[in-house]
Amino acid sequence: KLVRESKAMGNVFFGIVGGEPFMHPKLFELLEAHPDCYFQIFTNGQPITDEVAAELARLGNATPLISVEGDTVESDARRGRTDVYNKTLAGIEAALRHKLLVGVASSVCATNYDQLVREEWVDKLIDLGVHYCWFHTYRAVGPDAAPELALTPEQIDWVVDAYTRGVVADEQMAALAMAILLNGMN
């Protein structure tokens with residue numbers, strides 16, 4: 001109903017978030033019912049198998065934006081499970097094998113900012129075949145908020161300084177600049 005009503009008002013771009021959208025038993029029915037819309041699916045990537053990626057490619061109107069929080073240690077710590085990074089990479093690789101447009105979203109926080117806010121990180125994503133990346137700063141909101149993960153003023157200064165020294169790619173800084181400003185930096 002929401003998609004039909006939104007289409008009547010001219011909207012054809014939808015972001016689907018979760019939990020984990022691929023866990024919904026009717027996700028593919030929704031996508032198939034609206035071939036005139038584009039759906040960006042925010043996912044941890046782990047449910048994307050070759051079968052899932054093939055179905056997304058067949059439908060042609062949805063692409064995954066896959067959360068990656070850092071390397072193996074950081075991803076496991078942030079998600080509270082083991083082998084998260086490798087399972088996520090397997091999902092990225094399956095999506096790329098089926099020629100999907102694949103994005104990676106990373107939540108920059110106190111424990112990973114010096115790992116993700118680097119040109120090497122973007123280069124790694126490019127080497128994997130990822131088409132675009134989003135960076136957003138962690139915001140301590142919701143019932144399970146973790147204020148200790150929010151960037152400190154000193155860490156925000158590090159990000160800005162890293163950019164001026166050329167450590168942070170222009171593309172990354174553009175994505176982070178608005179988030180930093182929204183966090184109260186002037």
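Basis for what follows: all heavy atoms, side chains included, without hydrogens, waters or symmetry-related copies.
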Under the 3.5 angstrom rule, does the side chain of E69 hit a backbone N or O of S107 as a donor-acceptor pair?
yes
Please check if the side chain of N44 supplies one atom and the backbone of E20 the other of a donor-acceptor pair under 3.5 Å.
no
Tell me whether I156 shares a hydrophobic cluster with W121, the cluster being built from Ile, Leu, Val, Met, Phe, Trp, Tyr side chains joined at under 4.5 Å.
yes
Closest heavy-atom pair and its distance - A53, H98
CB-CD2, 3.5 Å
Would you find a donor on one side and an acceptor on the other, under 3.5 Å apart, between the side chain of H131 and the backbone of G103?
no
With side chain to side chain contact (heavy atoms under 4.5 Å, CB included) as the test, pick out the partner of I41 among L31, I66, L65.
L31
To the nearest 0.5 Å, what is the distance between SG (C109) and NE2 (H136)?
10.0 Å
Compare every heavy atom of A140 with every heavy atom of P147, then report the nearest pair and how far apart it is.
CA-CB, 3.7 Å
Considering non-hydrogen atoms only, spot the tightest contact between S67 and T88 and give its length.
O-CG2, 3.6 Å
Which distance, rounded to the nearest 0.5 Å, do you find between the NE2 of H34 and the CG of L59?
12.0 Å
Quick check: closest heavy atoms across A150 and Y138, and the distance to 0.1 Å?
N-CD2, 3.7 Å
Exam field: side chain D36 to backbone V12, donor-acceptor pair closer than 3.5 Å:
no
Minimal heavy-atom distance between L100 and P64, with the atoms involved, is CD1-CD, 4.2 Å
Would you check if the side chain of S106 reaches a backbone N or O of V68 as a donor-acceptor pair within less than 3.5 Å?
yes
Measure the CG-CG distance between D157 and L151 for me, rounded to the nearest 0.5 Å.
10.5 Å
Which class fits the ring pair F14 and F39: parallel under 30°, tilted 30 to 60°, perpendicular over 60°?
parallel
Is any side-chain heavy atom of Y132 less than 4.5 Å from a side-chain heavy atom of L125?
no
On a heavy-atom basis, the closest approach of G19 and P21 is O-CD, 3.7 Å
Tell me if a side-chain donor or acceptor on N11 pairs with a main-chain N or O of S6 at a distance below 3.5 Å.
no
With rounding to the nearest 0.5 Å, note down the distance linking SG in C133 to CG in L128.
11.5 Å
Could you tell me whether the side chain of Q155 and the main chain of T152 form a donor-acceptor pair under 3.5 Å?
yes
Donor-acceptor contact below 3.5 Å, side chain S75 vs main chain G70
yes
Please answer: with hydrophobic residues joined when any side-chain heavy atoms are less than 4.5 Å apart, are I48 and V84 in the same cluster?
no
Begin from the C-alpha positions of Y38 and T63 and carry the test side-chain hydrogen bond (donor to acceptor under 3.5 Å, both in side chains) through to its verdict.
CA-CA 8 Å; Y38 168 73; T63 60; 2.3 Å; yes
Separation between CD (E120) and CD1 (I126), nearest 0.5 Å, reads 11.5 Å
Between F22 and T49, is there a side-chain heavy-atom distance shorter than 4.5 Å?
no
Enter the distance from I16:CD1 to L27:CG here, rounded to the nearest 0.5 Å.
5.5 Å
